[in-house]
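Let me begin by presenting the structure, written as structure tokens, before commenting on it.
Every chain is numbered from 1, with letters handed out A, B, ... down the list of sequences.
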Amino acid sequence: MTPTDFEPEYSSYKDADGFVFYENNKVYRKINPSFLPKYEWLKSRGIYENLLQQKLLIPFTEVLTNKGVCLETTIVPIITYPYEWCFEQLKQAALLQLQLMDCCLKQGAILKDATPFNIQFYNNKACFIDLLSIEPYEEGTPWNGYKQFCEMFLAPLILSAYLPGNWNKSLAVQLEGIPLKQAAAALPFKASFNSLSLIHIISHSKFSSKGSSSQIKKISKDKIFSILNHLKSGIEDLTAFDKKSNWTSYENQMPYTAEELQLKKQSVENWLSGKQYDTVLDIGANHDVYAKLFHGKAKQVIAIDNDSTVIDNLCKKSADITYSFIPLHIDITMVSPALGLNLKERKSFFERVQPDMTIALALVHHLFHSRNIPLDRMAELFKTCSKDLIIEFISEEDEQFQKIRNINNHLAYDKTSFEKAFSLYFSINSVVEIKAGKRYLYYMTLKQSTV
Amino acid sequence: MILTSLLYIDPGSGSILFQALIAGLVGFIAFIKLYWKKIVKLFSFKKHDDSN
């Protein structure tokens with residue numbers, strides 16, 4: 001959502017060549033007078049046009065406002081951050097950054113930085129949004145964004161390829177990237193046999209703090225192309241260390257009969273009939289079976305799950321999905337907080353994502369037993385998500401419930417307690433018994449008094 | 001046109017020196033890798049042919 005009055009984007013303070021601002025629900029990038037000659041030169045060489053044709057750049061139009069020459073850019077409906085992405089998403093972003101560098105260099109331009117915060121997922125594809133990152137290239141100039149690329153893209157990717165876990169998450173506490181020395185120290189010995197990690201992380205870390213500007217020599221364009229090609233081929237070959245989890249095969253072992261599954265889908269479809277949503281949040285998405293039901297009913301679906309492998313799989317599928325579908329590696333009990341300078345540089349998840357429908361299927365029993373979250377706190381959590389809610393309650397009699405049961409949790413957990421806790425904030429519009437005495441599907445709407 | 005402008009990120013002078021040092025090496029590795037992939041592809045094609 002963009003403001004109606006003039007408001008500069010808080011995170012847009014580093015670049016002396018311009019800044020982002022919002023006005024009348026539109027997004028603009030102001031070009032400072034110092035950068036105008038360079039912008040005109042890039043435009044005259046057809047560089048922007050070429051990148052737009054290849055769909056590498058966010059579409060924009062040049063406009064003259066009372067603030068001077070500005071670029072009105074297409075609004076990315078949901079801004080996401082690299083620490084919310086899975087391995088595949090950061091890999092796509094890294095390959096886009098390299099492709100842009102390659103295209104720019106071939107046309108006499110270069111990217112002055114290399115941060116994944118300049119990339120967003122638009123129409124289910126990585127797309128570069130920082131138009132002022134592109135500047136004319138002067139023959140012999142080194143690639144100034146090389147170190148930043150290694151710290152912000154390559155280090156989390158290589159660490160996730162050699163060690164368990166999604167290392168993109170560490171970008172939340174190290175917004176400037178993982179220092180090369182730290183990445184090199186964390187990598188296992190076998191990473192030394194991969195030229196990508198040996199050269200760009202391990203050996204690079206020995207040099208990153210050495211040298212003085214007097215030692216800097218000119219570097220030919222061909223040399224930069226060699227580095228780009230090596231990075232590209234190495235990153236293309238990288239795969240995440242975590243390839244399977246308890247949840248990756250859930251789609252094939254769902255605890256429903258075909259009829260029960262059909263009833264569950266049909267109930268959701270009935271409730272969605274005639275509705276139109278902007279943003280749907282699918283919590284604990286696992287697979288895209290239910291997200292697909294929102295095709296034509298929502299402008300975008302955000303699928304979150306705390307299992308990075310599940311999100312990796314969803315990400316691979318999203319290229320074939322014809323509506324805006326954004327999978328994110330987020331735990332709903334620990335969504336991204338506001339971070340960075342004055343806690344305003346990177347906005348919190350719910351500042352950026354304001355869903356009007358939330359769907360949470362087969363999730364309540366996990367939050368209750370794996371996280372010990374009482375039902376009243378759970379209702380409070382969903383209250384902050386959206387006005388409409390489709391939620392499944394799984395009773396103690398269910399086989400899946402028995403598997404994850406925490407015998408030390410003695411808090412109240414039954415259908416009546418669930419309804420009582422949620423009725424505090426929501427009106428229960430409809431309930432369907434999906435599995436006799438075991439699984440119930442609810443359609444609720446936030447009460448006017450709590451909005 | 002004056003192209004020189006102030007850098008708003010620290011490129012790391014050691015990193016720039018390092019770029020100059022590795023460029024030849026990574027170019028050679030990429031060259032070998034490309035031909036290695038071609039050789040592997042050639043043999044995998046032959047294997048497919050044999051099975052037919």
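Other residues, nucleotides and ligands place more than 12 heavy atoms under 6.0 Å from the OH atom of A/Tyr13. Annotation: A/Lys232, atom NZ; neighbour count of heavy atoms from other residues, nucleotides and ligands within 6.0 Å does not exceed 12. Other residues, nucleotides and ligands place more than 12 heavy atoms under 6.0 Å from the CD atom of A/Glu236. No more than 12 heavy atoms of other residues, nucleotides or ligands sit less than 6.0 Å from atom CD of A/Glu49.
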Run the side-chain contact (heavy atoms from CB on, under 4.5 Å) test on A/Ile199 and B/Phe18 for me, step by step, so that the C-alpha distance in whole Å, both residues' side-chain angles and the decisive distance to 0.1 Å come before the verdict. CA-CA 10 Å; A/Ile199 295 171; B/Phe18 185 69; 4.0 Å; yes

A/His200/B/Val26 under side-chain contact (heavy atoms from CB on, under 4.5 Å): CA gap, chis, key distance, verdict: CA-CA 10 Å; A/His200 302 287; B/Val26 294; 4.2 Å; yes

Step-by-step side-chain contact (heavy atoms from CB on, under 4.5 Å) determination, A/Phe207 to B/Ser15: CA-CA 6 Å; A/Phe207 277 80; B/Ser15 277; over 6 Å; no

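The minimum heavy-atom distance between B/Ala23 and A/Ser226, with the atom names listed, is O-CB, 3.5 Å.
When atom types are taken as modelled, the side chain of B/Gln19 and the backbone of A/Tyr146 share no donor-acceptor pair closer than 3.5 angstrom.
Of the listed residues (A/Cys150, A/Ser34, A/Ser220, A/Ser203), the one with the most heavy-atom contacts under 4.5 Å to chain B is A/Ser203. In terms of heavy-atom pairs under 4.5 angstrom with chain B, the leader among A/Ile227, A/Asn229, A/Asp222 is A/Ile227.
Remark: A/Ser233 OG to B/Ile29 CD1 distance equals 9.0 Å, nearest 0.5 Å. With values rounded to the nearest 0.5 angstrom, A/Lys223 atom NZ is found 10.5 Å from B/Ile22 atom CD1.
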